[in-house]
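Have a look at the structure below, then the notes.
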Amino acid sequence: MADMYGAVCSNTFTVKDIEKFKAWFEGYHFGDEIELFIREEERHVSFGGYEQYPSAHPRKMDSEGFPEDADLKDFAEELCGHLEPGEVFSVTAGGNEKLRYVSFDQLIIAQEHPTEPYFEHYSSDDGNDVLLKRMRGE
């Protein structure tokens, strides 16, 4: 048995206030090795890193220090309060376990639509019925 390894990477997005965004972002967990990349002058932010069990779904740490999935609508509404008008936040995570089990997640949040986060998870374990439904847009 092996472990799942891969990468988590966001796009570059503009925030209203770098320091307020950093303080808020520290409350969420995308992985242990995630690094924020900041261009202060433009207020541009991105993040990424290589992770064991990578995921594009934000998490919060529970009382025992373990990550649990955050509510996407709450995350999106809070995030949109930090984004400049018209910005889009996108984070992608992908990984594999010795290429046997390949997975891919993506989360997209548009500042103009704070209550409509888009999250999708794809896996090489998805059965034919799941794949066909996705092809048909069901």
Side-chain angles (χ1 to χ4, degrees):
M1 195 74 163
D3 288 325
M4 174 83 70
Y5 289 97
V8 176
C9 183
S10 81
N11 66 327
T12 299
F13 49 93
T14 307
V15 297
K16 296 173 185 172
D17 183 296
I18 294 281
E19 294 307 315
K20 286 181 182 177
F21 175 80
K22 284 175 24 180
W24 171 79
F25 190 77
E26 286 178 7
Y28 286 94
H29 182 79
F30 282 92
D32 294 329
E33 302 299 321
I34 295 300
E35 185 176 349
L36 273 176
F37 306 104
I38 298 171
R39 291 197 312 250
E40 295 274 347
E41 194 169 300
E42 299 93 350
R43 297 184 329 279
H44 289 176
V45 178
S46 63
F47 62 91
Y50 292 101
E51 291 295 324
Q52 185 175 11
Y53 303 106
S55 176
H57 197 293
R59 296 187 170 105
K60 287 203 161 244
M61 303 307 271
D62 68 13
S63 60
E64 296 178 11
F66 294 104
E68 56 186 21
D69 286 349
D71 181 278
L72 281 181
K73 287 193 176 198
D74 290 346
F75 177 81
E77 287 184 30
E78 292 171 13
L79 171 69
C80 287
H82 291 281
L83 295 177
E84 284 287 352
E87 285 296 308
V88 175
F89 169 91
S90 175
V91 60
T92 304
N96 68 81
E97 178 187 312
K98 294 186 177 180
L99 293 179
R100 292 181 291 198
Y101 310 108
V102 179
S103 71
F104 166 84
D105 297 347
Q106 185 172 28
L107 172 63
I108 301 171
I109 298 170
Q111 185 274 334
E112 295 172 358
H113 304 283
T115 61
E116 301 172 33
Y118 170 81
F119 178 77
E120 192 68 48
H121 174 80
Y122 296 95
S123 171
S124 59
D125 286 343
D126 291 344
N128 288 344
D129 57 332
V130 172
L131 298 174
L132 289 171
K133 283 181 182 178
R134 287 187 177 152
M135 287 178 68
R136 293 181 192 129
E138 296 174 8

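Given the structure is predicted, the values throughout are model-derived calculations rather than measurements. If you read the sequence from its start, that first residue is 1, and numbering goes on from there.
Cluster annotation: Tyr122 and Ile108 are assigned to the same hydrophobic cluster (Ile/Leu/Val/Met/Phe/Trp/Tyr, side-chain heavy-atom contacts under 4.5 Å, transitive). Cluster membership for Phe104 and Ile109, using ILVMFWY side-chain heavy atoms within less than 4.5 angstrom, is not shared. Using a 4.5 Å cut-off between side-chain heavy atoms of Ile, Leu, Val, Met, Phe, Trp and Tyr, with links allowed through other members, Val102 and Val8 fall into different hydrophobic clusters. Residues Ile34 and Tyr50 do not share a hydrophobic cluster, clusters being chains of Ile/Leu/Val/Met/Phe/Trp/Tyr side chains in contact below 4.5 Å.
Ring geometry for Phe89 versus Phe30: interplanar angle of 30 to 60°, hence tilted.
No donor-acceptor pair closer than 3.5 Å links the side chain of Arg59 to the backbone N or O of Ala70. Checked by atom type and distance alone, the side chain of Asn11 pairs as donor or acceptor with a backbone atom of Val88 at under 3.5 Å. A donor-acceptor pair under 3.5 Å links the side-chain atoms of Glu51 to the main chain of Asp32, judged by distance alone. A donor-acceptor pair is defined here as one N or O able to donate and one able to accept, closer than 3.5 Å; such a pair exists between the side chain of Ser10 and the backbone of Phe47. Between the side chain of Glu87 and the main chain of Phe13, no donor-acceptor pair closer than 3.5 Å is present.
From Thr12, atom OG1 reaches atom NE2 of His44 across 7.5 Å, with rounding to the nearest 0.5 Å. Distance check: Leu36 CG to Phe21 CZ gives 6.0 Å after rounding to the nearest 0.5 Å. Here the straight-line distance linking atom CZ of Arg39 with atom CD1 of Ile18 works out to 10.0 Å at 0.5 Å rounding. In this structure, the separation between NE2 on His121 and CD on Gln106 is 13.0 Å, given to the nearest 0.5 Å. Note that CZ of Arg100 is 4.5 Å distant from CD of Glu97, once rounded to the nearest 0.5 Å. To the nearest 0.5 angstrom, Leu107 atom CG is 11.5 Å from Glu120 atom CD.
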Intermediate values then yes/no, side-chain contact (heavy atoms from CB on, under 4.5 Å), Leu79 and Phe25: CA-CA 9 Å; Leu79 171 69; Phe25 190 77; over 6 Å; no
Asp105 vs Ser55, side-chain contact (heavy atoms from CB on, under 4.5 Å): CA-CA, chis, key distance, verdict: CA-CA 6 Å; Asp105 297 347; Ser55 176; 3.3 Å; yes
Trace of the side-chain contact (heavy atoms from CB on, under 4.5 Å) decision for His57 with Leu72: CA-CA 8 Å; His57 197 293; Leu72 281 181; 3.5 Å; yes
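Ion pair Lys60/Glu68 not flagged as a salt bridge, since none of the NZ, NE, NH1 or NH2 atoms sits closer than 4.0 Å to an Asp/Glu carboxylate oxygen.
Using a 4.5 Å heavy-atom cutoff, the side chains of Met4 and Gln52 are not in contact. Counting only heavy atoms from C-beta outward, the side chains of His29 and Pro58 never approach each other to under 4.5 Å. In this structure the side chain of Ile38 reaches within 4.5 angstrom of the side chain of Lys22, judged on heavy atoms.
In terms of heavy-atom proximity, Gly94 sits nearest to Pro54 at O-CG, 3.6 Å. Annotation for Ala76 and Pro114: closest pair CB-O, 3.2 Å, computed over non-hydrogen atoms.
Applying the 6.0 Å contact sphere to NZ of Lys16 captures more than 12 heavy atoms from other residues, nucleotides or ligands.
Between the side chains of Glu78 and Tyr28, a donor-acceptor pair is found at a separation under 3.5 Å. Between the side chains of Asp3 and Tyr53, a donor-acceptor pair is found at a separation under 3.5 Å.
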